[in-house]
Asker: 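Starting off with a structure, shown below.
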Amino acid sequence: MNLEPFKTLLLDTCGFTFSNDREQTLRNGLTQRIAAHKINSLTAYHELLTQDQAEMDALVELLTVNETYFFREPDQLRLMIDKLIPELMKKGRAAPIRIVSAGCSTGEEPYSIAMLLHDKYRAESLNLFSIVGVDIDSTAISSALKGVYNKHSFRGMDSFFLEKYFVPLEHKLFRIKEIIRKHVYFQIANLNAEPYPPAVWNPDIILYRNVSIYFHSDVQRSIFSRLAETLNTGGYLIVSSTETMHHNIGILSLVEIDNLFVYKKMPSAEARNSCRLNEGIRDKIKKSIKTDKILKNPLRIKKSINQLKDRNILEANKDKAAEKLQSKEQDISFKRAFDTAVEYVKNNRKVEAVTILKQLIEQEPCFVNAYLLLAAIFIDTQQFIEAESACNAALSQDEFCLPAYLMLGIIAHQTGRNDESFNRLRETIYIDSNCWPAHFYLAETANMMGDKKRALSAYQSALDIIEKRNLLEKDDSFFPLQFNAEQFSNLCRYKLKILKKSK
Ligand SMILES: C[S@@+](CC[C@H](N)C(=O)[O-])C[C@H]1O[C@@H](n2cnc3c(N)ncnc32)[C@H](O)[C@@H]1O
């Protein structure tokens, strides 16, 4: 059976690729459809396919992999409900916040989101959020609309949600309750065809999980670009954790939140500059800066660190700021307040944390860790101007403060200022050559600048340093930044593979 004309047709229309192990699926599908039409010529069936959309749909149904279940990759869903959505709501997005499940199959994914949102926001969730599920497979969409499931779909689901949101039917089947069913709008749509239907336009969050694996790499790139284009600025695109790295192609920013990687559409430079300053904190921080000499001349830092290294007093100098604080830290209430701020940050109560940190800084303007924690919060909330001010304030107290340099490098990287990112990260590495996150972000920046050679060597350095450490070891050396060494090492390996291939 000559599959080539069908492969070409299916690649052009749906983006499907049929490598060795999937060829048999294509052969079976064609055999089944040809028998149904009682046609005995492949050419005639090919012609029918090109002319008859219903026939194309019937074949596609046999070729798609609809495997899905409720609450698949629950950590990603939790992140979305607990962090991403509250952040979007806080930023004053006009309601409803729009969520699209691209390649939703039989509906388990968008219904899982609807259940989680209803559980958290009750009836109000219908007004606050719009949820859309699209899929190329019309049979899968019909099934999603019916909302009837068997035990196979519940294998990742808590009985709490089964009892709360499903009605038992005969034959061990369950129907999703109307309050959830009516919240999700389903539509047949081909992600590889233009234009996308309006239901998919301008979402704040797109889940595009376990769909791209069957696409040719060019199609993966073009669909990812189109989804990124339609995504609202500040919005998130979530792919499954196994697919994350394939999509890190410089279209959206890969951000790490709670040890999970998601893609974010960063605001443009103008939008960033116009972002509202947080209660004048920037001015307050500016006032507390005693000197800004450090960031004016990166070469001078290198020189001065060199001199200090020669004189072997770098370590002593680093301890100075800590000493300054010692007496304050002995003040138990002061220390307790800082620990409370750290706890607030861990529990995503950033507003409360910022309030405490501002008070602490007012009492003790040389409290470096308070500036660092503020900077980390501001990076998280995309308030990059404030984050930079806080880093500079930390540096004015401790001119070799490694996390401040590292954060400045990351901020510059995230805001597309590659030259600056490069300088800040090199300075970080100069202070501590084992700072693997700096090597990693340096590699990312070099990659963005098209400097493959430098990117390769920096990814390799990051990987070498990580591999020398115990992955499970808790590392506080970059306080307040927490990096998941295991995920970063996987990312480095993947990047190295891609870069070596493209050489
Ligand atoms: C494995 S399921 C994933 C379902 C769900 N996203 C999940 O992660 O559980 C993949 C789905 O992608 C759909 N799909 C494949 N190609 C598509 C395309 N070009 N446009 C829209 N959906 C597509 C398939 O029909 C299938 O239902």
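Numbering starts at 1 and runs along the sequence shown. When a ligand or atom number is given, it counts from 1 through the structure's own listing order.
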Asker: At a 4.0 Å threshold, what atoms of ligand 1 neighbour a non-hydrogen atom of C14?
Answerer: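 Every atom of ligand 1 under 4.0 Å from some heavy atom of C14: 19 (N).
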Asker: Please give me the minimum heavy-atom distance between L231 and I205, naming the atom from each residue.
Answerer: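 Smallest interatomic distance, heavy atoms only, reads CD1-N, 4.2 Å.
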Asker: Considering heavy atoms of the protein only, find what lies nearest to atom 9 (O) of ligand 1 and give residue, atom and distance to 0.1 Å.
Answerer: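 Checking every protein heavy atom, the shortest distance to atom 9 (O) of ligand 1 gives T68 OG1, 2.6 Å.
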Asker: For atom 25 (O) of ligand 1, what's the nearest protein heavy-atom neighbour? Residue, atom name and distance, please.
Answerer: D135 OD1, 2.6 Å
Asker: Grab the two heavy atoms, one from Y69 and one from E108, that are nearest each other, plus how far apart they are.
Answerer: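 Residues Y69 and E108, closest heavy atoms: C-CB, 3.5 Å.
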Asker: Students should be able to answer this: which protein heavy-atom is nearest to atom 20 (N) of ligand 1, and at what distance?
Answerer: L191 N, 2.9 Å
Asker: For E109, counting its heavy atoms only, list the atoms of ligand 1 lying under 4.0 Å from any of them.
Answerer: 5 (C), 6 (N), 7 (C), 8 (O)
Asker: Check each atom of ligand 1 against the heavy atoms of E67 and keep those under 4.0 Å away; list them by number with element.
Answerer: 1 (C), 2 (S), 3 (C)
Asker: Atom 16 (N) of ligand 1: which protein heavy atom is closest, and how many Å away?
Answerer: F16 CE2, 3.3 Å
Asker: Note the single closest protein heavy atom to atom 7 (C) of ligand 1, along with its residue, its atom name and the distance in Å.
Answerer: R72 NH1, 3.3 Å
Asker: Does the plane of the ring in H37 sit parallel, tilted or perpendicular to the ring in Y45? Use 30° and 60° as the thresholds.
Answerer: tilted
Asker: Would you please say whether a donor-acceptor pair under 3.5 Å links the side chains of Q32 and N28?
Answerer: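 No donor-acceptor contact under 3.5 Å links the two side chains.
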Asker: So which protein heavy atom does atom 12 (O) of ligand 1 come closest to, and at what separation?
Answerer: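 The closest heavy atom on the protein side is V211 CG1, 3.5 Å.
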Asker: Any side-chain to backbone donor/acceptor pair from R209 onto E243? Under 3.5 Å, distance only.
Answerer: no
Asker: Do you know which two heavy atoms are closest between S240 and E73, and how far apart they sit?
Answerer: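 The answer is CB-OE2, 3.1 Å.
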Asker: Have a look at V60 and tell me which of T64, D57, L62 forms a side chain to side chain contact (heavy atoms under 4.5 Å, CB included) with it.
Answerer: T64
Asker: For ligand 1, which atoms have a heavy atom of T64 less than 4.0 angstrom away?
Answerer: 24 (C), 25 (O)
Asker: May I ask you to check whether D137 has an N/O atom sitting below 3.5 Å from an N/O atom of ligand 1?
Answerer: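 In this structure, D137 places no N or O atom under 3.5 Å from an N or O of ligand 1.
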Asker: Heavy atom of A102 under 4.0 Å from ligand 1?
Answerer: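 A102: no contact with ligand 1 (<4.0 Å).
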Asker: What class does the angle between the rings of F16 and F18 fall in, given that below 30° is parallel, 30 to 60° is tilted and above 60° is perpendicular?
Answerer: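 The rings of F16 and F18 stand perpendicular, inter-plane angle above 60°.
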Asker: Assess the side chains of E229 and Y196: does a donor N or O sit below 3.5 Å from an acceptor N or O?
Answerer: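 No - no donor-acceptor pair under 3.5 Å links their side chains.
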Asker: In the protein, what heavy atom is nearest to atom 23 (C) of ligand 1, and what distance, to one decimal place, separates them?
Answerer: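 Looking at atom 23 (C) of ligand 1, the protein heavy atom closest to it is I136 CG2, 3.5 Å.
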Asker: Going by the atom numbers of ligand 1, which of them fall below 4.0 Å from some non-hydrogen atom of A189?
Answerer: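 So the atoms of ligand 1 that pass are 20 (N), 21 (C).
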Asker: Shortest non-hydrogen contact from A114 to V184?
Answerer: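 So the two residues come closest at CB-CG2, 4.0 Å.
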Asker: Using a 3.5 Å cut-off on N or O atoms only, is Y69 in polar contact with ligand 1?
Answerer: no
Asker: List the steps and the verdict of side chain to side chain contact (heavy atoms under 4.5 Å, CB included) for T139 and N66.
Answerer: CA-CA 10 Å; T139 312; N66 300 122; over 6 Å; no
Asker: For ligand 1, is any non-hydrogen atom under 4.0 Å from F215's backbone (N, CA, C, O), its side chain (CB onward), both, or neither?
Answerer: side chain
Asker: Who's closest to atom 5 (C) of ligand 1 heavy-atom-wise, of S101, G103, S105?
Answerer: G103
Asker: Among all protein heavy atoms, pick the one closest to atom 2 (S) of ligand 1 and tell me residue, atom and distance.
Answerer: V65 O, 3.3 Å
